Structures are given as structure tokens and as C-alpha cells.
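Single-structure report; data block below.
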Amino acid sequence: MEKTFDPQSVEGKIAARWEEAGVFRAGRTDRANAPAFCIVIPPPNVTGTLHMGHALNNTLQDILCRYERLRGRDVLWQPGMDHAGIATQMVVERRLAEHKEPDRRTLGREKFLEKVWAWKEESGGAILAQLKRLGASCDWSRERFTMDEGLSRAVVKVFVQLYKEGLIYKDKRLVNWHPGLQTAISDLEVAQVETKSFLWYFKYPVVDEMGADTGTFIIVATTRPETMLGDAAVAVHPDDERYKDLQGCNVRLPLVGRIIPIIADAYSDPEKGTGAVKITPAHDFNDFEVGRRHNLPQINIFDAEAKLSLQENEDFLLGLDDSIEAGIVLDDFEGLSREEARTRIVAMMEERGLVEKIEPHVHMVPHDEKSKSVIIEPFLTDQWYVDAKTLARPALAAVRDGRTRFVPKNWEKTYFDWLENIQPWCISRQLWWGHQIPAWYGPDGHVFVEASETDAEIAALAHYGAPTSLIRDEDVLDTWFSSALWPFSTLGWPEETPELKRYYPTNVLVTGFDIIFFWVARMMMMGLHFLGEVPFRDVYIHALVRDEKGAKMSKTKGNVIDPLNLVEQYGADALRFTLASMAAPGRDIKLSTQRVEGYRNFMTKLWNAARFAEVNRCGLKPDFDPHKVVVTLNQWIVAETAQAIEAIGTAIEIYRFDDAANAAYRFVWNVFCDWYLELAKPLLQTREAGESAENFVPDAAASEETRATVAYVLDVIVRLLHPFMPFVTEELFAQSHPGELLAAADWPRLLGCANPQAQAEIGFLVALVSELRSVRSEMNVPASAQIPLVVVGASQEHIAQILHSEETLKRLARVSELAFTTEAPPQSVQIIVQQTTFALPLAGVIDFDVEKRRLAKEISKLESEAQKIAAKLDNADFLARAPEEVVEENRERREEMLAKKEKLEAALRRFG
RNA sequence: GGGCGCGUAGCUCAGCGGUAGAGCACUGCUUUCACACGGCAGGGGUCACAGGUUCAAACCCUGUCGCGCCCA
């Protein structure tokens, strides 16, 4: 074996072996009767590349899947991607521009979609290859894409059914409009960005019933002067005494000339601005509601690019007289951007003396979530909506009554809050890439929602009584509409497939909290509605991987660490282990490469333990029974191994990946390597030619058993670590099981191996060696010096144990010879281990003043500890109220400390 | 403004009623035949602060300060 494991050269080969053997395939015939375990991957974007969040997310899923596969379950980890409507369309449009090809509109819909598919085949889905490099054990043969035929069928069926159930409808409402892309976007794709701006105070002239100026003004404060062209009212709070008299009066909207009312509505906040606020129902979500309450007109002053559009704008022109001002506005403002319009309007208002004041003001402005550069415009359009409120009810109930469980539990609060306040879900997008809405319109605008054009024509025939030509709705559906079906559409729904039957509901969805709204809630709604059953039993919410300041990693911020760089540098196993060990619930991960390096070292440690086993010819024995080992050391490690198996398995099952990883780490390094292998060395050692046989060659049976035990425990370790470090463990497994694959092997089982006696004996030995090393170091005994050890007045048990491990003790503590007495030799350094005194006769070697100081320090430490305990034990309340075992424990500790202290004091006295 | 969470060793973080922990970094010793990506030993903490509950608080409660995230 090489001195270190080289991930670079091995990972690819191992991945290929997994792939060839098809070990990740669900539905293995030998597991037909095994319980199923299923996870659907949260589908990454087809445009996406692997970032740290994916690395964490998929590492955790892979740990679960590999663990359950080893445990014998029939595992389906369903991979795939979503089509990312907006992102993909943008990518392809950008590429067309870069290659100086005709743009989308010139190409036309059909040709453009061909380009998108071509792009998808060629460069889409890079992320899946990257997941494979991480070792993700998905069933790659079942890869799905939201635009696949089957999944598209599911989308159509869901749309049609929800429409017929009245849960999908068309409505004219305000949406978040992206003027650049000219499409509606979800409110989840809008980021409110704090922006420094101004509050403009405009004077609106109050008019009488005849429309003549009264000479008074009402002053409104606004953050968006340009929308005043679409004002439909001025609102004041009903209880606001300042404006009591003006309620019900009208004002003449400056520049436009429209007569609009002063209305009373509690939306107006008397504390803000002047307490009077202009109402623009077509360009503000709150104003929209106010407008509905007061039956105000909705005057949309922008076009799809958010440029002023007033000429031929019926809503705007309605009721306007031919005032000169309106004429200027109509002609000069046409086509102005929002920013230009703002400047012009403020200037015109100032010219007319209608600006009271302008104050600096910080407020939130809606931006597009991805680029954070485009300002989103609330825009009045016809769109398709899902009645999310109705679908949310069962989704809420399912979590409330525990059919689906959040881990950690507190995330359910986020889920509840969102679903309880859910708004109608706008699902139509003015894009071409996506599932085109299955709705057809007749000449009179009557809509037919059917699964196919033929069905729509049949419906039209019935409706009109004659064949009628129909036009299909051009819009496509929100990508999340299809992602919401993912847990069952990928399993073949709407067909009643065996997979659907076997794997739905899935066991767990693993995702980040930022996705609770996007996926979890919507998958819950759709799963419950269409299958009558939750899509997953557990929702494990993991941390976000952040940068060192705790900010989200993002491309625009440039603070991303590329996981693949780390994979190249340290290996996929090291990265995976790092992420797992840091996946503690409730805290975000701040990743440091040092940590990854540390786990790379761990991998090397494991590798070298295996190398040690190889050098010492520790081969697996087929008939080896860990329950039957007779050497104490072996009994001990078997007991420890059983504990480790238990601890790691349990931790994975309760999603404590950090505990599982850390338990494995400690067991391998601090138990197996640091102690077991070191203690086993004398037992493994064979006599070199010419070397004295005396005391040195262990008996052959013990040696044989130890070899077998080393091999056995190492084999267990490799299995235990496999979910975390699949590559290095697979490579090590290949050495002991040629031709087999660890990924398809079994999780270790080891029960009934507790051995208190062996654990006590090895515990004593470990404590003794540690103490001896410690005192040697403190006394500056040269590391290479072999010194005699005198055991003073030990119990029969301790004497037996010491003799039992004599060689080991000599080796690990560098002891030259052992002696047993009842009296400590003069001029010796003394330590107390489990009530037995050990003396190192070091006269002439060490400085006794140092020893005296050491003893004094130790004594005073014991004294203060003992005092603390004494204070407790002297407290009547403590004795009366603390549990008996706690009291007893403290008594014992005090006794031990006092006894030890006495012995040390005796040792100190001997130095005079 | 509402919600969630965090302040524990120089750094990154576990622990969440009963003897303060890990990894990394640091210091000393160590190239002894698995591993220097190693071994051995060691230093380092009024567990943010102030009250309270309790026989007992890093841990539970209240408040304060600081920090982060989500939603408005």
C-alpha cells in the first residue's frame, strides 16, 4: 500500500465501478421484500452548477441513502433537475446575442425552443456530473427532468383538474412585474432592498363641488412621485382630526386635472408623512386593496417595460378634460422610464409651486431577487392563479397532526406562518420556456381548459354548437408549479406505477430553510391534494453554508467557495466528512479549509491503520466470531466497537450527522489507532532472527486472535465510515474483499459484547500509561530513557492486570523493569492511579525540587476540588433534595480524592 | 415592527440542570520498524452582562447589550 490515499487518482475509478455494477439502482430483486427507503432530490436548476449548499445538501442525503442501503433497505434516491424557466430562457437569449444570432422574437417560439433544448442537451445539467464527483449514490438510471414528457403530463393533469375544481382561476390583479424580462414573477423572487431616497411632499389643490379651487391644499407625502399620474384618491385616517373637514371633498390632481376624492381609510398612517397619502391602485399593493374597498378606478400608467404609456390609454384618458396640462403630459411623457418620469414630474410640480418640501428618506424598494438590479413594478395584468389558501389547509393539518415532521421542529413555525398568510399563487409567466398553459380561447374570449387541443376543440364544439377555431394561451407555468409535483411525478404519476406504490410517501426531504416556501409547502399542498397522502414523512432542514461574515454565499457578492476546488485539493471524502461533522442543527456553517484539511488527515490516518494491518498480516478470518475472543484487549475493542456501531447508527437515524461523524472520528482515531493498535503491537510482534525469545513472543493463539480482531474491527470501521467517506472506504474494502463492492455490502451488527471486566482492565492500563507518560514529561525524563517502575502495595487484581499487560506497559511507558513492593523506594517520583501507588526510582536523574513542587501543586488541586465537594456534602439541603446517586457519586469522589491526597502527602514528606 | 437564532479556549464550533469539551492554531519533547497529513505531553475559559428559579445553572426563566438571518 502507498503511504497516503490519493483521492484524485482513485475516486473516478471507484465511481465507474459503482456505475457499472448498478449498485445504486432501486428495486434490486434481492430486496423485493426489504422495506423501501426513498428520497427525492430537491431538483437543482438545469442551469446550475454545484455550490457549497448543494454539496452539503447532497452529502447529507447520500449519508442517509448509503446508510439505509447498507442496512438492507431498498433505496431509491431519485435524481433530476427542474427547467428553471426564467434562468434558462435568459441564458439562451444571452447566448444568442453573444453569437450574433437572431433574437428570440425574430426566431419565433418554436425555433427558440429548439435552441433551448439544444442548449440543455449540450451544456445543461452540469450539476449532476458534479454531484457524481461528490459520490452521490442516486439511481442515475431514473434521472428525471421537469420538462420530460411524463412530468409534463402530470403538470397538465394537475392544471386541468385544479381548474375544474375551481382551484385555478384567471384574475386581474397586481403582480410583481419584471420589466426587463416582461413577465410576472413570484413574490418569493422579489427582494426588498433598503434604498436611500426621498420623501416628496406634494400639494394637491382642494376643489369645491363645481370643481373650482378653494384655495386650500392637502399635502401628500410620497416615495414614488411618478405614479401620481395614476392617482385615484387621497386617503386620510378616519380618526385624523386634521383632515376631518376634508373627508369627502375632492382634489384636482395636478398636471393631470383629474378630480379625485379624499377618502377615509385606516390604511393611512397619521404618523407617517403628513398623514395624507395618495392612492395609486394600479401601482402599489396596499393602494390596490384600498382601491378595492372604495371602488376606485385602477389607472395603469405604464407599459410592459415600465415606461409611461398615456396616449391611447383608455383608463388614463377616461374623464379627463382637454386641459393644457394634460396635453403636455400626454405628449411629452410618452415612453419615459420611471426614473425620467420622476425627474420631470418633480420639476413640473416645482415650477408650479406644488412641492412643499423634499426630505431624505430610507425605504424598501422591490428588486429582482437574482440580479438585485432591476426594480420590480407592481403591474396590473391578467394572470392565472392557484387558490393556495384552500390547498394550504390540509398541508397545515398534516404537519400539525404529525403526519409530516420537521427536524429540527422549530422550522414548522416558519412553515405555519407562511401557509397561514398565503396569498393567491400567480402561476403564469410570460415566457416561452416551460409548460404552456393548457387553456384555449374562443373568438369571444371564452376559455376552455383541457388536457389537449383536441379535448379543447370538443369542448368548444359543445359550447358553440359548431366547430370553432381556438387560440392557445401563450403563457407558461411557474417552474415551481411542476417542482411541486416532483415527489410523485418522478415516480410515474398520473400512471399508477409500482414505483409510486412502493416509494410514496417518501421518507424524508432534505433541504435548506430558505426552500421551505418554494418546495416543502407546495409539495405538501400538491401531494395531499392529488394523492391524499403527504409527500414525505420527515423534512430535515439543514444549515446554510455561509461565508466568514455569516452572509449567504452568492456569485454577485463573489464570496463563494467552490466545493470542487476543495474536492480536488483534499478529496471528496474530506469535504463530505467536514460538512457532515459541521451539520449541527440550528447553526449555519462557516466553512474553513483548515477543517477540511484536518479531515483529509483523518482519512490518511485511517489509510495507515489499514496499512499497518496489512504489514502485520491481519487478514479477515471467515469464521471469526467477535463474541468468542479471549484476549482481554480484544474483548475490550470488540465491546468498544459495538458501542461505536450503536452510537453512529442512532445518530444518523435522528439526523445528527455531526454526532455520527464525530463519534466515528473519535472511535477510529482515539480508540482504535491511539490505544488498540498500540496495545496490540506486542501481541503482533514476531521474533526477529537471533532475537531473544524470552518474554517477547506472545503465544501463538493470542497473536492469531489479535490479527483476526484487527482485521475484523477495521472491516467494521470501513463500513461505518462508508456513508461519510465512500471513496476511501470502498478502496480499502476492495483490498479485503476482492471483487465485491462496499456500497452493496452490509452494515455491521454486533450485539451482546459488553465486557465490563475487560473495559475495567484496559481502562486501568490506559490510565496508568497516560499518567506515566505525563509524569515523565513533567519531570523532563528523556523520551528515549527506559526507567524501572515500582508498584507499591497494589491489590491482587491490579497486580494481575499489570502482569497481564507487562509487555505493553513496558513498551508504551518506556519501562525497563517491573518490581512489586509494599514500600516506596526512597528518592522516587510517585503517582497514584486508581488508588495504587507507582514509584519511579529516579535518584540522580531528575531534580527533586521539581518533584516536590509537582506534588505540592497536585495536592493543592485535589484539596480545592475536595473542598468544593465537601461544601456540597455539608449542605443539608443537598443531601435531602439531590438524587441519591448524585450524593453517592460525590461521596465516592471525595473519598478517592482524599485517599490520593494522603498518598501524595506521604510521598512529599519523604523528601523532607 | 414581527419571527427565528447566536454570543463557551486565539479561531471554528459541540455541550443545554449535577467533575467545562473537540478540531485547528499555540508551546515543549519526538524523525522508535502504520502514519511528521504522525506520536507524546502541555498551556489556555468569572461559558456576553445583570437579575431570578433550584440543594445545584454554560444549560431553565426575565431583562440588558452585541451579532446574524427570515418576513413586513
Side-chain angles (χ1 to χ4, degrees), chain A residues 1-5 187-188 191-192 285-286 364 408 410-411 413-414 416-418 421 513-514 516-517 543-544 546 548-552 570-571 574 578 581-616 618 656 658-659 661-662 665-666 669-670 673-674 677-678 681 684-685 688 710 714 769-784 811-814 865-866 868-869 871-883 885-887 889-890 892-894 896-897:
Chain A
M1 278 175 81
E2 296 295 318
K3 214 168 170 180
T4 57
F5 171 69
D187 45 6
L188 294 173
Q192 302 292 335
F285 286 96
N286 290 312
M364 304 303 268
N410 49 320
W411 287 112
K413 198 169 166 41
T414 305
F416 290 148
D417 285 351
W418 193 69
N421 299 301
F513 75 87
D514 51 334
I516 290 175
F517 314 129
L544 237 51
R546 296 178 184 276
E548 56 283 340
K549 286 177 227 145
K552 257 185 178 177
Y570 302 107
T578 307
S581 75
M582 296 184 80
R587 192 194 277 258
D588 290 333
I589 295 177
K590 291 185 205 162
L591 196 67
S592 86
T593 50
Q594 273 193 337
R595 193 89 185 237
V596 185
E597 189 180 335
Y599 289 117
R600 187 273 318 269
N601 296 351
F602 173 60
M603 195 160 61
T604 307
K605 186 75 182 175
L606 169 69
W607 183 260
N608 277 287
R611 200 157 84 108
F612 172 83
E614 188 196 43
V615 169
N616 285 283
C618 302
R656 287 304 303 261
D658 56 332
D659 284 350
N662 295 336
Y665 183 97
R666 276 196 305 275
W669 200 315
N670 303 121
C673 292
D674 285 353
L677 290 184
E678 292 304 325
K681 277 175 181 174
L684 297 170
Q685 209 145 51
E688 296 293 323
V710 168
L714 198 57
V769 169
S770 300
E771 283 290 335
L772 286 169
R773 283 168 169 174
S774 188
V775 76
R776 284 176 61 118
S777 171
E778 267 180 85
M779 293 291 97
N780 294 314
V781 177
S784 54
R811 182 190 176 104
L812 296 189
R814 312 231 113 218
E865 275 295 308
K868 267 194 226 163
I869 297 171
K872 276 191 186 178
L873 290 168
D874 290 344
N875 184 338
D877 281 334
F878 175 73
L879 297 177
R881 293 177 197 250
E885 58 271 25
V886 173
V887 176
E889 198 186 307
N890 276 280
E892 278 168 22
R893 279 187 57 221
R894 180 173 62 175
E896 273 168 38
M897 267 181 242

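Letters A, B, ... are given to chains in the order of the sequence lines, protein chains preceding strands, and every chain is numbered from 1. On a predicted model such as this, the values are computed, not experimentally measured, just so you know.
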Mutual orientation of the aromatic rings belonging to A:Phe517 and A:Trp418 [parallel < 30°, tilted 30-60°, perpendicular > 60°]: tilted

Which nucleotide in B:U19, B:G38, B:G18 has an atom nearest any side-chain atom of A:Arg893: B:U19

Taking the minimum atom-to-atom distance to the side chain of A:Arg656, which one of B:A34, B:C37, B:G15 wins? B:G15

OP1 or OP2 of [N] versus the side-chain N and O atoms of [X]: is any pair under 4.0 Å?
{"X": "A:Asn410", "N": "B:G5", "result": "yes"}
{"X": "A:Arg881", "N": "B:C55", "result": "yes"}
{"X": "A:Lys605", "N": "B:G39", "result": "yes"}
{"X": "A:Ser774", "N": "B:G42", "result": "yes"}
{"X": "A:Asn601", "N": "B:G38", "result": "yes"}
{"X": "A:Lys3", "N": "B:A36", "result": "yes"}
{"X": "A:Trp669", "N": "B:G39", "result": "yes"}

Separation between the C1' atoms of B:C4 and B:G38, rounded to whole Å: 44 Å

Interatomic distance at P, B:U54 relative to B:A25, whole Å: 47 Å

Is any side-chain N or O of A:Glu678 under 3.5 Å from a base N or O of B:A34, one able to act as donor and the other as acceptor? yes

Go through the N and O atoms of the side chain of A:Arg595 and the base of B:C24, and report whether any donor-acceptor pair is under 3.5 Å. no

Could you list the residues that satisfy salt bridge (Lys or Arg N to Asp or Glu O under 4.0 Å) with A:Glu892, not counting sequence neighbours? none

Just to be sure I understand: a Watson-Crick pair is purine N1 to pyrimidine N3 plus N6-O4 or O6-N4, both under 3.5 Å. Using that and G-U wobbles, which stems of three or more pairs involve RNA chain B? B:1-7 with B:65-71, B:10-13 with B:21-24, B:26-30 with B:38-42, B:48-52 with B:60-64

